[in-house]
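The structure under discussion appears below in the form of C-alpha cells.
Not measured: the values here are computed from a predicted model. To find a chain, count down the sequence lines: A is the first, B the second, and so on, and within it residues start at 1.
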Number of protein chains: 2
Amino acid sequence: MKRIERLSVYRRFLREIAGQEPSSVYSHELAEKTGTTPAQVRRDLMEIGFAGHTKKGYGISELIAAIGDYLDSPDGDPVALVGLGNLGRALLPFFADHHPKLKIVAAFDSDPRKAGRVICGCRCYPAAELEEVIRREKIRVAILTVPAAAARKAAERLTAAGVRGILNFAPALIRLPKAVTVETMDITIALEKIAFFARRSPDEG
Amino acid sequence: MKRIERLSVYRRFLREIAGQEPSSVYSHELAEKTGTTPAQVRRDLMEIGFAGHTKKGYGISELIAAIGDYLDSPDGDPVALVGLGNLGRALLPFFADHHPKLKIVAAFDSDPRKAGRVICGCRCYPAAELEEVIRREKIRVAILTVPAAAARKAAERLTAAGVRGILNFAPALIRLPKAVTVETMDITIALEKIAFFARRSPDEG
DNA sequence: GCTTGTGAATCTCTTCACAGCG
DNA sequence: CGCTGTGAAGAGATTCACAAGC
C-alpha cells in the first residue's frame, strides 16, 4: 500500500527537523516537503490513529514515535543480502551506517571465495549455508541481487527458510505464496518508462 | 502509468520466447508468465491498438514490434549517469551491453579524478561540463546516483540543460516542472515497506 | 481568520462477464 | 467449445469540501 511508503517519507523529513523550533508541523508543510497534498497527509495520519491539534498541527517528536510504532518492528529487523555482485556490494554501505531498525546481518554469494569476508561490517557466507544462517538469525527480510536466472530459486530457498519479504533487483518474475511480500525494483523497466514519458514531454515547459 | 511498465515486462518475456514454436501466445499465457491477469493483458494490448486473432492469440514477433513502436524512441535514447559512487558504477554494466535502445553515453562526477576515464564503454566527464555535454549529445533521460544533499541541484541542472526524465536513486524529494518525469527508487523506503508487510505475515503460509 | 478530521465525491485502475468469431 | 475485445461494474486511492475547534 502506498500509505506505508508515504509514512516513511514523512518520518524522514520529520527527523530532519526534529529538535528545531517550532515543535509541530502543519499538514500543508509536511505535504509540501514530501511531495503530496495536505488532505493526503491528514488522511494518512488519521489512518494510523494519530491526532493533531487544531491550529497547532502535529507534534513532531510524537509523530515520529507514532510512525515508528506503526511501521517498525520493536527490536528491528535483521536483513539478508543475497548476491554480492556489483549491485549487491553497492547496497551494503547504504545500510551499514544509516538505518536504526534495518541492518544487513548476513550476505550470501555463490562464489565461495567471498565467504568469510566481512564487508561494511557484514559477514559473508557461502550460498550453501543460506538456510542455516537465515534460520539461526531469524531473518525475515531479504534483498535479492543475484542474476535473473538465479533469482527464482534463491527466492524459493529464502521463503522456505522463513523469509517473508523480498526486495528483488533481478529482472525476473518471482512467484511465491501470497504470504510473502515481493517488491521488484527493475531498473531497466523504470528507465524505459521514464524514457517513454520524457519523449512525449515538450522541449520547454 | 502502470501500463507502460507492464508492456515492458510483456516484451521482455516475448523476446525470450521469440523464434520458438508456436509463433503466438494467448493472453492467459502472457499473464501467467508476467504476473498479471488475462483481462489485464487484453486491455493493455487493446489500449496500444494491437489486435490478436480469435482462437490463435497474439503474434509474438508482431507484438514485440508493436510494443517497440509504442514505447521506444525510433533511434534510441542516449542516457546520462550523474554520480559515480558505488551505486552509479554498479549501474553502468547494466546498460553497457544489454539494452538496444537505452545507452548510457555520458557519466558525470564531482570528483575531477574520475573525468576522462572510460568505464564500461562510457566516457566520464567532470560535473562542470554537465550542461555542455547534455546539450551536445541531446540527452533527455538521466539516472541520478548522487548523495541526497546534491540531488536537487543536480536535477535542476539536468532539467535546465534539456533532460525530461530522471530516474532518481537519492533519498530526496525532487520537485521539478511537471513536464519532467521523475521516478524515485528509494531503497530504504522500499525495504521499510517490505519489513512492514513481512512482519504481519504468518510464519507458515 | 487559521487549523484538523472526515463523509462524500471523484478519479484511476482492475476485473467481470459476455457478445462475437473461428 | 476456447479465444479476443470491450462496456459495465467494482475496488482502491485521492481529493473535495465543510463542520468543528482554537
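Nearer the 5' end of DNA chain C, as judged by each residue's closest nucleotide, is the contact made by Tyr58(A), out of Gln40(B) and Tyr58(A). Heavy-atom distances to DNA chain D give each of Ala39(A) and Thr54(A) a nearest nucleotide, and the one nearer the 5′ end belongs to Ala39(A).
Per the geometry, CZ belonging to Arg43(B) stands 13 Å off C1' belonging to dC18(C), to the nearest Å. Remark: C1' of dA13(D) and CD1 of Ile4(A) are 14 Å apart, rounded to the nearest angstrom. In this structure, Tyr26(B) atom OH and dC1(D) atom P are separated by 17 Å, rounded to whole Å. Taking atom CG of Asp44(B) as the reference point, atom P of dT12(C) lies 17 Å away to the nearest angstrom. Residue Met46(A) contributes atom CE, which lies 13 Å from atom C1' of dT14(D) at whole-angstrom precision. Between Lys56(A) atom NZ and dA20(D) atom C1' the separation is 18 Å, expressed in whole Å. Between Leu45(B) atom CG and dT14(C) atom P the separation is 14 Å, expressed in whole Å. One interatomic measurement links the two molecules: CZ of Arg6(A) to C1' of dG12(D), which rounds to 12 Å at whole-angstrom precision.
Across dG5(C), dT4(D), dG22(C), the shortest atom-to-atom separation from the side chain of Arg42(B) is found for dT4(D). Side-chain atoms of Met1(A) lie closest to dA13(D) of the nucleotides dG1(C), dG2(D), dA13(D). Listed candidates were dT4(D), dG22(C), dC16(C). Nearest to the side chain of Lys55(B) is dG22(C).
Close placement of the Tyr70(A) and Phe196(B) rings is indicated, their centers lying within 6.0 Å of each other.
Residue Arg3(B) is classed as having no contact, given no heavy-atom separation below 4.0 Å to the nucleic acid. Residue contacts shown for Thr37(A) are limited to sugar-phosphate atoms, with no base heavy atom under 4.0 Å away. Among the heavy atoms of the strands lying under 4.0 Å from Lys2(B) are primed sugar atoms or P, OP1, OP2 only; no base atom is included.
Arg175(B) contributes a side-chain N or O that, together with a main-chain N or O of Glu32(A), makes up a donor-acceptor pair within less than 3.5 Å. Between the Arg6(B) side chain and the Gln40(B) main chain, no donor and acceptor come within less than 3.5 Å of each other.
Between His28(B) and Tyr26(B), the ring-plane angle classifies as parallel under the 30° and 60° cut-offs.
A salt bridge links Asp44(A) and Arg3(A); the closest N-O separation between the charged side-chain nitrogens and carboxylate oxygens is under 4.0 Å.
Put simply, His28(B) has a side-chain N or O that comes within less than 4.0 Å of OP1 or OP2 on dC3(D).
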